[in-house]
Structures are given as C-alpha cells and as structure tokens.
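To start, the structure itself, in structure tokens.
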Amino acid sequence: MEQRTRRIANVMTAGPASTHARLNAEFLAQLGRYDHVTRLPNRLQFIDHFDDFAQSDRPTMLVLLTLADAKHYNEILRALGLAFSEDFVRAGADLLASLLPSDTVIYHVSVLSFIIALPVETVDTHPVAAARIASAFSGALHINAIPIKTQVGVGLLPADAQRGAAESLRAALVAAQDSRDAPNGVAFYNHKSDTAHLRAFRLLADMPRAIASSDQLSLHYQPRIDLQTGQCHGAEALLRWNHPEFGPVSPAEFVPLAEQTVLITPLTDWVMTHAMAQNRQFLDAGHNLRMSINASPVNLSEDDFDKVLLDRCDSAGLEPRHLELEFTEGTLATNSARAIHQLTNLREAGIAVALDDFGSGYSNLSYITHIPADVLKIDQSFVRPLKESGDDDFLVRHIISITQGLGFRVCAEGIETAHAYTRLRDLGCEEGQGYFMARPMPADSLLDWLDARG
Ligand code: C2E
Ligand code: MG
Ligand code: MG
C-alpha cells in the first residue's frame with residue numbers, strides 16, 4: 001500500500017508547475033498512464049517502456065498474470081457488485097506486489113491482467129518468480145473476509161523488439177490462457193496453439209463474406225440408402241467452404257466456430273435455401289429425394305426456426321415430406337423446451353426429424369423415449385468397428401433393437417465396408433450412409449450417380 005501511495009504522489013507532483021494549464025495537461029497525461037483502480041502504471045506505460053526491456057543487455061522475460069476469465073469476473077460482478085469487483089482486482093495487485101522485489105514495476109494492462117518484466121539468465125527457462133506467483137494465486141483471495149476463487153493464468157514471453165509491444169501483450173495473454181491447462185500453472189507462449197486460435201479468428205472474420213459470396217460455400221450431397229432394398233430415397237446436404245487463402249475447410253472445424261457466434265443463423269439459412277432449391281431440381285429431374293439438412297442446437301433455440309424452415313420449404317416449391325431436419329443430442333441439452341416444441345411442430349407439419357450422431361453425446365437412457373424424432377442416426381463410432389466378419393457388433397445390435405422397439409427408424413452412418421453393409425441389413429437396420437455406397441458429392445455428380453442406378 002505504501003508503495004502505491006508513493007507512486008501516485010509522484011504523479012501529483014510531476015512536471016514543472018510554471019503555468020496552471022501546463023500543469024493540468026501534464027497531470028492529465030500522467031493520469032492517463034495509470035490505472036484508476038490499482039493506481040499502477042497501465043498498458044500505455046508498458047508500451048512506452050517496452051523497448052527498454054526488449055533492448056536491455058540482459059535477456060528479459062515478460063510474465064503476464066490474468067486473475068480470471070471474463071465469465072468468472074462477470075459472475076463476481078453480478079453477485080457482489082462493481083466496488084467489490086474492484087477490490088478483487090486490487091487484492092490481486094497487492095498479492096502480486098508482495099511476491100516481487102519492491103523495485104519491480106507492475107503494469108496493470110487490462111481489467112484483469114498484470115505484466116512484469118524480469119531479467120533472466122536465459123529466455124528458455126521459467127523464472128522462479130513465475131511458479132511462485134502461480135502457486136500463491138492457487139488459493140482464494142480474501143476480500144472483506146469473503147474468499148473468492150481466482151482462475152489465474154501465468155504466461156511467459158521473452159521480450160523481443162521485433163515482436164513489438166502490442167503484439168507481445170497479445171501473445172503473453174495467449175500464453176496465460178494456455179497456462180490454465182499446464183501442470184504448474186505457467187506456460188510459455190506457444191506459436192502452434194496461437195496459430196490455431198488465429199486461424200479460428202480469421203475463419204470467423206471471413207465467414208460473413210463467404211456467406212455473401214457466390215463461390216466460397218457449396219453443398220455436397222451424400223446418398224442415403226434403404227439397406228433392405230438398396231434404393232436411394234434421400235440425401236444429406238453437407239456444407240463445404242473453399243476459403244480463398246486456406247483452401248477447403250472442414251465443416252467439423254468451421255460449423256462449431258459459427259455456433260459460438262450469431263453467424264450460425266445466416267449459415268444455416270444459406271444451407272436451407274440452397275439445399276431446398278437443389279432438391280427442387282432433383283425432383284424436376286425425376287428423382288424423388290428427401291433432403292436432410294443439419295441444424296445446430298443454436299438454431300433450435302431461436303424463436304422462429306420452425307416457421308422459417310417451413311416458409312423456406314414453401315418458397316422453394318417443396319412439400320414438407322421432401323425434407324428432413326437433423327439435430328444432435330446437444331440440442332436437447334441446451335434449451336430443451338423450445339427445441340422440443342419446434343421439432344414437434346415440424347413433425348406435425350410433415351417434415352421428418354432425425355437425431356444425428358446418436359450415442360456420441362449426452363446419452364442418458366431415460367431421455368430416449370422422449371426424443372421428438374422419426375429417425376435415429378447411429379453414430380459412426382458404433383458402425384466403424386463392423387469392418388469385417390467376426391468384429392464385435394454387440395452394441396450396434398442392441399442399439400438397433402432398443403431404438404426400433406421404441407418406434408424409431410434406424411439409419412447407420414459411416415458404412416465403409418461390404419461386411420458392415422450386409423451385417424447392418426441383416427440386423428434389420430432400415431437405412432444407411434457411408435463411403436461404401438457413396439461419398440458426399442456435388443449435385444451434378446449425384447445426378448449422374450442416380451441416373452446410372454436407373
Ligand atoms: P454429420 O452430419 O454426422 O455428417 C456425416 C459426416 O460423416 C460427413 O462429414 C460425411 O462426409 C462423413 N461420412 C459419411 N460417410 C462416411 C464414412 O463412411 N466414413 C467416414 N469416415 N465418414 C463418413 P462432413 O461432411 O465432414 O461433416 C462433418 C460434420 O459437420 C457433420 O456431421 C455435421 O455435424 C457438420 N455439418 C456439415 N454440414 C453442416 C451444415 O450444413 N450445418 C450444420 N449445422 N452442420 C453441418
Ligand atoms: Mg448429419
Ligand atoms: Mg452424423
């Protein structure tokens with residue numbers, strides 16, 4: 001505390017006091033370099049001092065401490081209020097100061113983050129202070145006698161002039177976030193994990209343009225086969241993104257990213273519109289297919305998704321029986337009442353509903369009787385082990401028998417071999433999809449494939 005009082009006193013008297021206006025300007029400029037909650041020098045001050053660290057004769061390690069993630073901090077804010085939350089940040093600053101020599105400057109660089117620059121022998125070993133900080137923050141911070149749990153991260157990054165101050169702060173913050181998974185709570189900046197995050201960020205930033213453009217997104221269609229007759233009555237629309245820089249990006253990578261943002265709404269809308277228009281063309285070409293569209297749990301937690309889907313169906317000149325909506329088990333875990341209501345509406349309107357990847361998620365046997373679906377698509381992980389004769393089919397056999405007993409039709413995903421095909425057919429599984437029959441393909445190829453089968 002004494003240290004902090006000393007710092008602020010320096011600010012108050014800083015600069016020549018020749019004119020009142022000049023004093024104010026300098027005072028304000030100085031004030032802008034200090035955090036008002038902790039009265040520690042802030043990010044601007046760190047940026048100003050960065051070159052001194054980076055160009056120092058001795059190697060210097062930047063150590064960034066985050067007290068909590070934003071969600072955790074918001075919970076503290078909601079439960080205990082703003083003043084208390086500021087006390088929390090101040091308590092963090094005080095604990096950090098108590099662990100460091102008195103001449104170490106602590107910079108308060110964002111609401112919940114502090115950075116210090118420590119001289120080190122080599123830039124590839126953890127400074128002792130880093131582990132000491134991680135360990136000291138592993139307990140609770142006591143604020144007004146209330147123990148508050150922190151969620152600290154301690155990130156390490158050698159100060160390097162080439163990286164620059166702002167980029168160093170960002171990279172040190174990435175390291176601090178990564179450190180939450182590290183055994184001793186301290187992590188070096190890891191270019192690989194950062195690259196993955198940067199890629200995710202780029203994909204999200206580029207997604208609106210992809211949705212608006214006419215040549216980045218496309219749909220591939222995978223035939224769905226009636227295993228008992230060998231006929232194709234349906235196809236699943238699967239989204240493809242050819243990114244201008246990264247090339248083809250898997251939906252397994254970009255759909256979950258879109259689901260974290262509002263972009264999943266226009267993305268699903270794009271899929272619905274294009275898949276339905278394409279199904280109209282398949283019908284016009286004499287192929288009576290039911291088109292399956294994948295919905296994200298987020299879509300079914302939106303208010304009007306069922307109405308939008310039926311509206312799009314009507315505009316495309318399709319009847320509800322020409323469509324199927326696939327949803328995953330996660331849908332029922334999020335906003336289950338609304339999702340169930342919408343799925344029920346869609347089924348009543350005549351759109352088939354399928355539970356995708358059955359068995360891979362929140363499999364809770366008691367909910368299976370309440371699933372608002374016509375079809376259960378058994379997850380590939382149960383089907384893949386059936387590669388050749390003698391392979392274990394215990395689970396698949398019983399899943400088929402239980403789900404059929406409950407009145408669902410069963411579709412097996414990921415059929416890759418002739419053995420899996422015949423085994424599933426003999427077990428009474430109604431439908432299947434898989435590379436053995438056909439891979440997902442562009443619409444033109446599907447037309448050729450369908451025509452060739454007669
Ligand atoms: P999904 O809906 O379960 O789709 C089946 C995935 O399995 C597809 O991967 C398909 O290409 C692949 N597959 C089909 N047969 C086989 C097989 O025999 N062996 C193997 N190893 N794989 C097979 P894809 O196209 O990469 O899509 C991955 C996932 O991305 C989809 O899983 C779905 O969850 C999601 N996805 C794709 N398109 C959309 C979309 O338009 N909207 C939403 N919300 N999700 C989508
Ligand atoms: Mg699917
Ligand atoms: Mg699936």
Side-chain angles (χ1 to χ4, degrees), residues 203 207 210-211 216-225 227 232 234-242 248-279 290-302 305 309 312 323-331 334 339 352-361 363 373-387 399 410-421 423-424 429 431-442 445-446:
L203 289 176
M207 208 175 282
I211 296 171
Q216 291 193 35
L217 298 183
S218 64
L219 290 172
H220 279 191
Y221 300 91
Q222 185 175 38
R224 186 139 129 210
I225 307 295
L227 295 183
C232 173
E236 177 174 3
L238 293 159
L239 190 52
R240 299 289 177 258
W241 182 4
N242 194 13
V249 186
S250 161
E253 179 178 6
F254 70 81
V255 170
L257 292 174
E259 284 173 346
Q260 309 287 325
T261 70
V262 293
L263 289 169
I264 191 64
T265 304
L267 197 65
T268 305
D269 205 50
W270 190 97
V271 173
M272 288 198 288
T273 311
H274 287 77
M276 289 185 197
Q278 184 56 56
N279 202 25
R290 194 198 280 276
M291 179 66 67
S292 296
I293 293 168
N294 290 283
S296 133
V298 184
N299 297 130
L300 283 153
S301 68
E302 289 161 3
F305 183 72
L309 183 68
R312 296 276 183 280
L323 291 177
E324 181 181 74
L325 189 76
E326 296 189 10
F327 70 100
T328 52
E329 291 175 45
T331 307
T334 38
V353 169
L355 174 61
D356 203 358
D357 305 338
F358 176 68
S360 67
S363 297
D374 306 279
V375 179
L376 296 192
K377 298 185 80 176
I378 306 179
D379 190 60
Q380 309 193 4
S381 54
F382 299 101
V383 178
R384 288 227 198 89
L386 302 181
K387 277 195 171 46
I399 291 175
V410 182
C411 173
E413 295 191 287
I415 301 177
E416 291 185 348
T417 62
H419 173 73
Y421 185 98
R423 188 73 194 115
L424 287 157
C429 181
E431 296 179 72
Q433 265 174 258
Y435 293 173
F436 174 67
M437 295 88 91
R439 286 181 178 254
M441 57 188 115
S445 311
L446 182 62

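Indexing begins at 1, ligand by ligand and atom by atom, following the structure's order.
Atom 42 (N) of ligand 1 lies below 4.0 Å from at least one non-hydrogen atom of the protein. Protein non-hydrogen atoms do reach within 4.0 Å of atom 11 (O) of ligand 1.
Distance from atom 38 (N) of ligand 1 to its nearest protein heavy atom, with residue and atom name: L239 N, 3.1 Å. Shortest contact from atom 27 (O) of ligand 1 to any protein heavy atom: P251 CG, 3.4 Å. When only non-hydrogen protein atoms are considered, atom 23 (C) of ligand 1 lies nearest to Y435 CE2, 3.3 Å. Of the protein's non-hydrogen atoms, the one nearest atom 8 (C) of ligand 1 is L238 CD1, 3.9 Å. With respect to atom 20 (C) of ligand 1, the closest heavy atom belonging to the protein is E416 OE2, 3.2 Å.
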Candidate pair K387 and E416, rule side-chain contact (heavy atoms from CB on, under 4.5 Å), full reasoning: CA-CA 7 Å; K387 277 195 171 46; E416 291 185 348; 3.9 Å; yes
Go through the steps to decide whether D357 and E326 satisfy the test side-chain contact (heavy atoms from CB on, under 4.5 Å), and finish with yes or no. CA-CA 9 Å; D357 305 338; E326 296 189 10; over 6 Å; no
Could you walk me through whether N294 and L239 pass the side-chain contact (heavy atoms from CB on, under 4.5 Å) check? CA-CA 9 Å; N294 290 283; L239 190 52; over 6 Å; no
Could you walk me through whether L325 and F305 satisfy the side-chain contact (heavy atoms from CB on, under 4.5 Å) test, starting with their C-alpha distance in whole Å, then the side-chain angles of each, then the deciding distance to 0.1 Å, before giving a yes or no? CA-CA 11 Å; L325 189 76; F305 183 72; 3.9 Å; yes
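Heavy atoms of H220 stay at 4.0 angstrom or farther from ligand 1. By the 4.0 Å heavy-atom criterion, E259 is excluded from the residues contacting ligand 1. Ligand 1 is approached by R240 to a heavy-atom distance shorter than 4.0 Å.
When the heavy atoms of L219, V298, N294 are ranked by distance to atom 44 (N) of ligand 1, first place goes to N294. Across the listed options Q380, Q222, E413, Q380 owns the non-hydrogen atom lying nearest to atom 6 (C) of ligand 1.
Once rounded to the nearest 0.5 Å, the distance linking CD of Q433 with CG of L238 reads 7.5 Å. Taking CG of N299 as the start and CD1 of I264 as the end, the distance is 5.5 Å to the nearest 0.5 Å. Once rounded to the nearest 0.5 Å, the distance linking CD of Q278 with OG1 of T273 reads 13.0 Å. Atom OG1 of T268 and atom CD of E259 lie 8.0 Å apart (nearest 0.5 Å).
Contacts between K377 and ligand 1, counted as non-hydrogen atom pairs separated by less than 4.0 Å, are absent for every part of the residue. Of all the heavy atoms of D357, the ones lying under 4.0 Å from any atom of ligand 1 belong exclusively to the side chain.
Counting just the N/O/S atoms of E326, the one with the shortest distance to the Mg ion (ligand 2) is named OE1. D357 contributes atom OD1 as its closest N/O/S atom to the Mg ion (ligand 3). Restricting D356 to its N/O/S atoms, the shortest distance to the Mg ion (ligand 3) is reached by OD1. The N, O or S atom of E236 lying closest to the Mg ion (ligand 2) is OE2.
Set against the non-hydrogen atoms of V271, the atoms of ligand 1 under 4.0 Å away are 41 (O). For ligand 1 and R384, the ligand atoms under 4.0 Å from any heavy atom of the residue are 20 (C), 21 (N). Short contacts between ligand 1 and G414, defined as distances under 4.0 Å to a heavy atom of the residue, involve ligand atoms 16 (C), 17 (C), 18 (O). Heavy-atom proximity to G434, at under 4.0 Å, picks out these atoms of ligand 1: 15 (N), 18 (O). Heavy-atom contacts of P440 reach the following atoms of ligand 1: 11 (O) (cutoff under 4.0 Å). Taking a cut-off of under 4.0 Å to the non-hydrogen atoms of D356, the atoms of ligand 1 that pass are 1 (P), 2 (O), 3 (O).
Judged by distance alone, the side chains of E324 and S292 do bring a donor and an acceptor atom under 3.5 Å apart.
Within the 2.8 Å limit, E413 places no N, O or S atom next to the Mg ion (ligand 2). Here N294 meets the criterion, with an N, O or S atom under 2.8 Å of the Mg ion (ligand 2).
Although no hydrogens or angles enter the test, the distance criterion places no donor-acceptor pair under 3.5 Å between the side chain of Q216 and the main chain of I211.
Polar contact with ligand 1: absent for Q433 (N/O pair, distance under 3.5 Å).
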